[in-house]
**Student:** 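Sharing a structure below in structure tokens format, with a few things to ask.
The first residue in the sequence is number 1, and the count goes up from there. Model, not experiment: these values are computed from the prediction.
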Amino acid sequence: MKKLLVVIDYQNDFVNGALGFPGAESIDAGIADTIQRYLALGGEVLFTFDTHGENYLDSREGHALPVPHCLDGSAGWQLYGQVQAQCRETCANHQIHHIKKPTFGMPPAALAQLAERLGEVNEILVTGVVTNMCVISNAVMLQAQWPEAQIIIDASLCRSFNPALHEKALDVMEGLQMKVINREQT
């Protein structure tokens with residue numbers, strides 16, 4: 001059974017940079033540990049990178065969110081904390097994959113290329129930020145690419161700047177027949 005761990009946009013600008021928010025840093029160690037566990041068990045790991053150019057403010061997203069962030073190659077574009085260290089240690093590993101994305105979801109062609117390299121995937125664990133924007137967008141794309149895979153959202157390893165929207169996004173993903181685990185009961 002092939003397993004894929006997906007780390008969505010866990011970049012400096014979403015943790016302590018231009019769009020950083022309280023609580024985003026709290027999932028760092030958990031994601032890093034999960035990466036290490038997946039690699040040790042022979043799983044695949046995909047990092048998505050929100051990636052913008054100097055013309056970001058001229059884009060549709062830039063008009064709606066006029067805060068330059070995740071400029072390609074900048075410090076804000078880099079992965080955060082222990083996740084960055086974990087990636088750096090294993091970046092040459094053939095189990096590690098990267099996709100740059102210019103907006104909320106991965107480019108379909110890039111996802112199709114990854115699917116061609118990986119073949120059948122049975123289980124996909126999704127982590128990262130922001131739950132109600134990029135996490136949900138990419139979870140849906142992953143489900144469309146691998147319709148028979150069990151999509152699992154680890155709620156304890158996802159965060160949003162808005163806790164209510166985080167919970168609503170988890171509800172929607174459950175409604176899409178994704179399995180949400182480690183959800184705090186309120």
**Student:** Tell me the salt bridge (charged side-chain N to carboxylate O under 4.0 Å, His left out) pairs involving residues 7-34, sequence neighbours left out?
**Tutor:**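 Found Asp9-Lys101.
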**Student:** Hey, could you give me each pair passing salt bridge (charged side-chain N to carboxylate O under 4.0 Å, His left out) that has a residue in residues 169-179? Not counting sequence neighbours.
**Tutor:**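 Sorted result for residues 169-179: Asp171-Arg183, Glu174-Arg183.
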**Student:** So, taking the atom named NE2 in His97 and the one named CG in Leu5, what distance separates them when rounded to the nearest 0.5 Å?
**Tutor:**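 Rounded to the nearest 0.5 Å, the NE2-CG separation comes to 11.0 Å.
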**Student:** Let me confirm one number: the CD1-CD1 distance from Ile153 to Ile8, rounded to the nearest 0.5 Å.
**Tutor:**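 So the CD1 of Ile153 and the CD1 of Ile8 are separated by 8.5 Å.
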**Student:** Please name all residues satisfying side-chain hydrogen bond (donor to acceptor under 3.5 Å, both in side chains) with Tyr56, sequence neighbours left out, ordered by chain then number.
**Tutor:**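 With sequence neighbours excluded, Tyr56 shows a side-chain hydrogen bond (donor to acceptor under 3.5 Å, both in side chains) to Glu61, given in chain and number order.
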**Student:** Which heavy atom of Ile136 sits nearest a heavy atom of Met173, and at what distance?
**Tutor:**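 Looking at all heavy atoms of both residues, the closest pair is CG1-CG, 3.7 Å.
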**Student:** Which value, rounded to the nearest 0.5 Å, describes the distance between Leu157 atom CG and Thr34 atom OG1?
**Tutor:**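 So the CG of Leu157 and the OG1 of Thr34 are separated by 5.0 Å.
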**Student:** Measure from the side-chain N and O atoms of Thr127 to the backbone N and O of Val6, and report whether any donor-acceptor pair falls under 3.5 Å.
**Tutor:**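 Yes; judged by distance alone, with no hydrogens or angles, the pair exists.
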**Student:** Is it possible for you to say whether Leu176 and Val130 belong to one hydrophobic cluster, with membership spreading through side-chain heavy-atom contacts below 4.5 Å?
**Tutor:**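 No, because Leu176 and Val130 fall into different hydrophobic clusters, even though each may have its own neighbours under 4.5 Å.
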**Student:** Name every donor-acceptor pair, under 3.5 Å, that has one atom in a side chain of residues 114-126 and the other anywhere in the protein, sequence neighbours excluded.
**Tutor:**
| residue | atom | partner | partner atom | Å |
| --- | --- | --- | --- | --- |
| Glu120 | OE2 | Asn122 | ND2 | 3.1 |
| Asn122 | OD1 | Lys2 | N | 2.8 |

**Student:** Could you state the interatomic distance from CD1 (Ile151) to CD (Gln143), rounded to the nearest 0.5 Å?
**Tutor:**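 Between Ile151 CD1 and Gln143 CD, I get 5.5 Å after rounding to 0.5 Å.
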**Student:** Treating Gln95 as the side-chain partner and Gly43 as the backbone partner, does any N or O pair qualify as donor plus acceptor under 3.5 Å?
**Tutor:**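 Between the backbone of Gly43 and the side chain of Gln95 there is a qualifying donor-acceptor contact (under 3.5 Å).
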**Student:** Show me the donor-acceptor pairs, under 3.5 Å and distance only, between side chains in residues 64-73 and residues at least two apart or in other chains.
**Tutor:**
| residue | atom | partner | partner atom | Å |
| --- | --- | --- | --- | --- |
| His69 | ND1 | Val67 | O | 2.7 |
| His69 | NE2 | Asp50 | OD2 | 3.0 |
| His69 | NE2 | His52 | NE2 | 3.3 |
| Asp72 | OD1 | Lys100 | NZ | 3.2 |
| Asp72 | OD2 | Lys100 | NZ | 3.1 |

**Student:** Examine distances only and state if a side-chain atom of Asn55 and a backbone atom of Asp58 form a donor-acceptor pair shorter than 3.5 Å.
**Tutor:**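 No; judged by distance alone, with no hydrogens or angles, the pair does not exist.
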**Student:** Name the orientation class of the two ring planes belonging to His98 and Phe49 (parallel below 30°, tilted from 30 to 60°, perpendicular beyond 60°).
**Tutor:**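 Rings of His98 and Phe49: tilted, 30 to 60°.
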**Student:** Enumerate the salt bridge (charged side-chain N to carboxylate O under 4.0 Å, His left out) contacts for residues 132-154, please, sequence neighbours excluded, ordered by first and then second residue.
**Tutor:**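 For residues 132-154: none.
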**Student:** Which heavy atom of Ile35 sits nearest a heavy atom of Gln86, and at what distance?
**Tutor:**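 What the structure gives for the nearest pair is CG2-CG, 3.4 Å.
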**Student:** What's the shortest heavy-atom distance between Met141 and Leu111, and which atoms?
**Tutor:**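 Residues Met141 and Leu111, closest heavy atoms: O-CD2, 3.6 Å.
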**Student:** Heavy atoms only: give me the nearest Val180-Ala155 pair and the separation to one decimal.
**Tutor:**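 For Val180 versus Ala155, the nearest heavy atoms are CG1-CB, 4.0 Å.
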**Student:** Using 0.5 Å steps for rounding, measure from the CE atom of Met133 to the CG atom of Asn138.
**Tutor:**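 So the CE of Met133 and the CG of Asn138 are separated by 12.0 Å.
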**Student:** Treat each ILVMFWY residue as a node, draw an edge where side-chain heavy atoms are under 4.5 Å apart, and state whether Leu4 and Ile96 are in one component.
**Tutor:**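 No, no single cluster joins them.
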**Student:** Any side-chain donor paired with an acceptor under 3.5 Å for Ser160 and His166?
**Tutor:**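 Absent: no donor and acceptor within the cut-off.
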**Student:** Mind checking the OH-CZ spacing from Tyr80 to Phe14? Nearest 0.5 Å is all I need.
**Tutor:**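 If we round to the nearest 0.5 Å, Tyr80:OH and Phe14:CZ are 15.0 Å apart.
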